[in-house]
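Reviewing the structure listed below.
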Amino acid sequence: MFLLSRAFLLIAFLAASFTRAEAPLFEIGKFSLNPAKQIPQIQPMADHVAGLMTNYGYESGKARIYNNFDSARAALADGSLDMLTLSLYEAAQMIRDGESEPLVIKRKNGLSEYSSLIVVDKDSDIYSLEDLVGKTIAFEDYGSTSAYFVPPMAIQQTGLTVAQMDQFQSAADPNAVNFRYTGAEQNSSVLLFQEKVDAIALSDFDWLKADHVPIEQKEKFRIIWVSDAYPAAIEVINSQIPSDQKVFLRDQLTHMHLDAFGRFLLDEYHESSRFSLVTAEAANQLQGLIKYLEKQPPSNLD
Amino acid sequence: MSTSLKTSFALTISLVAFAVALVLSMVLISLSLSENEAQAERSLEALESSYQAQFESSLIEASRNLAESLANPLYFDDQQSITEYLSIFASGDNVTDAVLLDPNGNLLNDGSQFFVQFGMESGLSNDQISQLTSGETLLQTSTNSVNAYHAVTIGQELLGIVCLTSERFQINSAFQEAEAGILEASVDRRRFNLGVAITTLVLLMIASYYIAGKVASAALQPIDKLREQAAALGRGGGDHSLIKIDREDEIGDLAKAVYSLANDLEMQNQSVKFLAFHDPLTGLLNRTGFQNRMEESLEVLNRDQLSGALLFIDVDDFKEVNDSLGHDTGDRAIRAISDRLRKTVSGLTSSANFRHLARIGGDEFAIFIAPVQTTAEISVLAEDILSALSSPVIVERERIHTSASIGIANYPEDGESTSTLLNNADAAMYTSKHLGKGTYRFYESEMNKSLFRSSTIKVEFQKALRSEDELELLFQPIIDLASGQLAAAEALIRWNHPRLGYLSPEQFIAIVEHNEVALPTDLWVLNKSLNLIEDLCVADMQEISISVNISASNLVRKQFPAAVKKLTKNRESLVSRIKLEITETFLHSDDDQVLGTMKKLRDMGFQIWLDDFGTGYSSLRHLKDFPIDGIKIDQTFISSIMDSDNDRNMVSALMALAEAFSAEVVAEGIDREDSLETLRSWGVKYGQGMVIGEPVSPLRLVQILGEEKSEPAKLVSLKDRLKTV
């Protein structure tokens with residue numbers, strides 16, 4: 001009965017939001033190539049936040065999908081984009097530009113943080129990151145925080161050099177850690193299982209999933225490195241929004257999980273469980289990433 | 001039950017079933033054809049509708065897919081991807097064109113590289129666009145094409161509208177192709193249905209004939225069984241173990257009737273079988289049955305080297321019982337005799353296992369007993385039988401004195417076959433009978449000769465009677481002793497057998513007298529005598545009498561008087577000149593039949609004479625009881641009157657006796673002149689004998705009478721004349 005009444009309120013809320021389509025919008029954005037999938041997940045949260053912010057002139061919410069950093073930066077710059085839901089890597093990219101700042105950490109059900117792992121064949125002679133020099137390592141893709149962003153960062157922070165290979169058949173640089181994108185965690189584990197690479201990088205979340213790394217593969221693998229835990233996702237807000245609104249919004253969002261309707265909206269919003277304040281540790285991790293990025297060449301998203 | 005009936009029954013049923021099936025099949029085929037056509041039409045309609053629906057459904061589905069595919073490219077305004085998607089969908093099945101409209105319904109991308117129709121209005125109304133925004137697919141149909149519109153949305157935002165177009169000819173050609181297939185399938189189905197119907201009909205006819213045959217067999221099986229049983233009964237075969245048919249219907253009634261018939265036939269068969277081997281009067285074996293038993297017994301005796309004896313028993317003078325008391329009484333007497341024989345045989349103290357008693361003739365019985373150790377054992381049985389039959393048999397208060405003559409043939413000495421034993425025992429029996437009744441004789445080889453002669457004579461004499469060429473009637477003169485004139489003549493039969501030669505009366509008269517030949521013989525003699533008298537009358541000759549000997553057996557034959565009367569019809573006036581001579585010894589004073597016959601004959605006008613008078617034991621009583629016209633004193637007395645006083649006294653006494661009863665006297669057997677003279681001196685009326693005259697032929701007798709007519713006969717001259725013949 002409770003759920004039905006909430007559902008009714010949601011429908012009424014959504015209906016009301018349509019009527020204010022031309023009114024000032026509170027826009028939540030996300031990087032994706034599939035707006036058809038993302039918009040239905042983000043739109044309710046956008047409407048809800050707009051509702052919360054009516055006192056500040058917002059009348060409706062809007063989900064906006066971006067396929068590159070530049071368009072997002074432009075939207076932040078012209079004030080049309082109010083908030084972005086991003087991975088830690090994406091957040092580092094956007095915050096580095098100064099157009100936005102962290103607002104809250106978005107925690108997912110069962111996984112609020114995760115770590116990156118580097119896995120090798122258990123019979124190999126690789127036991128540390130240093131042992132990877134002259135070896136080959138497979139990363140998922142360049143957008144993946146855990147499978148691309150964190151591990152090379154750690155390798156470089158160790159003082160080692162990474163070098164991208166065009167093909168696995170290409171000769172490896174004996175003085176660098178040689179990497180290649182595989183597109184998916186499954187591809188990486190299969191390559192390691194077939195001993196076509198010397199190591200792979202993946203998140204502890206994927207390591208625990210049997211459909212990503214089957215048990216018979218795990219029995220042959222060995223973990224040589226685990227990163228620190230870091231937030232799975234982070235919400236950033238347009239730096240142009242006044243501070244009181246930021247405070248009001250942060251307060252509303254961090255308390256959202258305390259009632260059923262808020263939890264319902266959180267679940268719709270990328271199966272999230274709650275929003276929490278950005279801890280000092282997370283802030284430090286973010287700053288570390290930003291610094292690392294500043295040393296890196298522009299990525300394809302740029 | 002004949003096969004044709006069963007077949008016709010089965011055919012009738014199967015034809016009826018076939019006719020019904022044919023009608024039903026025709027109706028069903030007709031209905032099926034019409035239904036097939038209707039179904040084809042419905043199928044076509046349904047197919048058309050289905051094609052339309054399927055086509056529209058696929059078009060709608062394609063429009064949805066296209067809208068879904070275009071959502072992301074349109075969101076990012078990726079016209080190149082949009083163009084590629086439109087091009088791909090435009091080349092899909094049943095789609096001739098794919099375009100993208102903006103949210104206002106104006107053409108945004110026509111799938112071409114140059115957007116030649118960009119900005120063209122689609123003609124969609126705002127209401128239709130609102131309808132599309134709610135997620136529905138809009139179909140616009142025209143004569144030649146169908147358009148499917150679907151909104152491209154993300155969330156609630158209308159990004160654009162896709163439009164897929166399909167030309168109707170594609171539907172129509174597909175439908176026509178399918179229609180042709182359906183019509184072809186319909187024709188095929190009709191052919192198939194027709195084939196199935198015809199096949200079913202044929203199978204049904206075969207099945208119905210088969211089933212009808214089975215039903216007919218089952219239904220007619222009881223009748224068939226009854227037919228077979230009746231046929232078996234009709235053939236006289238079958239084991240009569242009839243299969244019971246318990247039914248409460250007509251077949252049941254028929255079965256009961258057949259059972260009843262079978263039972264009757266069985267009883268009749270048993271009766272016939274019994275009669276075939278048994279004598280119905282006594283229940284004893286008949287000749288055939290006796291022979292069968294004998295064959296079985298002789299086989300055993302032959303195998304085991306044992307002896308046996310066959311006793312041939314002939315009841316003495318039983319013919320007279322039948323003739324005098326009637327056959328009913330005779331039959332009862334035979335039954336009584338057979339009972340006595342049965343008791344005697346069964347009561348015999350002997351180790352003989354085979355004891356066959358049979359009635360093999362009217363008054364003939366046979367007993368076979370075996371094994372036997374001694375002839376004494378057989379003699380005991382024969383004497384027991386004679387003893388058992390010695391006491392009178394009482395039938396309806398009549399005391400019938402019985403005796404039997406028994407002939408015995410021993411196995412294997414007197415014969416090894418049944419027929420031989422029977423013949424030899426028969427011969428022994430005849431010998432016994434001739435030598436003295438009421439006794440028994442064992443067979444001896446000589447017996448057969450006499451038996452052969454007597455049986456031959458009997459048969460041959462019957463032939464002679466029919467041919468009349470062999471028999472001759474002679475007449476021995478009887479003269480008036482006082483005058484010496486011919487007064488009468490005794491008719492004497494003579495027989496000239498073509499092979500046996502001339503037979504004397506002694507050789508056949510006794511045989512003839514004691515069997516059935518006696519009747520025709522006496523009638524033949526009587527007829528010849530009457531003819532002679534008649535001839536004499538016609539010739540106006542001297543009136544003489546003719547003596548005719550009558551067999552004693554004829555006197556007890558009821559039909560004899562009637563036969564005589566018939567013979568004398570229209571000649572009654574001549575009868576008084578016939579003297580019927582009856583041998584005294586054959587008479588029985590208590591024989592009413594004989595007495596009655598004699599009276600009837602006398603009433604007809606015949607004279608009754610007693611022949612061989614004096615040899616009987618009760619001559620006086622005969623004169624008293626019987627109507628006698630005269631006597632002939634037996635020649636045994638006459639021939640010795642010159643030598644024996646007793647005979648002379650006897651003749652005198654007999655003459656006195658005859659005189660006392662007013663009977664005339666003939667002295668027969670006068671063979672001496674002195675006897676003739678003596679008798680004449682004594683006053684004997686008539687004389688007959690060799691000294692007077694031997695038997696002569698009728699012609700000669702006529703001649704003699706003619707001579708006497710012209711010249712009064714003298715005794716001597718007569719004799720001389722006769723001698724000269």
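Computed from a predicted structure; not experimentally measured. Residue numbering restarts at 1 for every chain, and letters A, B, ... go by the order of the sequence lines.
Within 6.0 Å of CD on B:Q80 lie no more than 12 heavy atoms contributed by other residues, nucleotides or ligands. More than 12 non-hydrogen atoms from other residues, nucleotides or ligands lie less than 6.0 angstrom from OH of B:Y149. Within a 6.0 Å radius of NZ in A:K209, other residues, nucleotides and ligands contribute more than 12 heavy atoms. Counted within 6.0 Å of CD on A:Q240, heavy atoms from surrounding residues, nucleotides or ligands total more than 12; the atom is thus considered enclosed.
Contacts of B:E157 with chain A are made by side-chain atoms alone, with heavy-atom separations under 4.5 Å and no backbone atom involved. Contact of A:L33 with chain B is made through the backbone alone, with heavy-atom distances under 4.5 Å.
A:A36 approaches B:I154 most closely through the heavy-atom pair N-CD1, 3.7 Å. Counting all heavy atoms, side chain and backbone alike, B:F76 lies closest to A:S32 at CZ-O, 3.3 Å. Closest approach of A:A63 and B:Y75 over heavy atoms only: O-OH, 3.8 Å.
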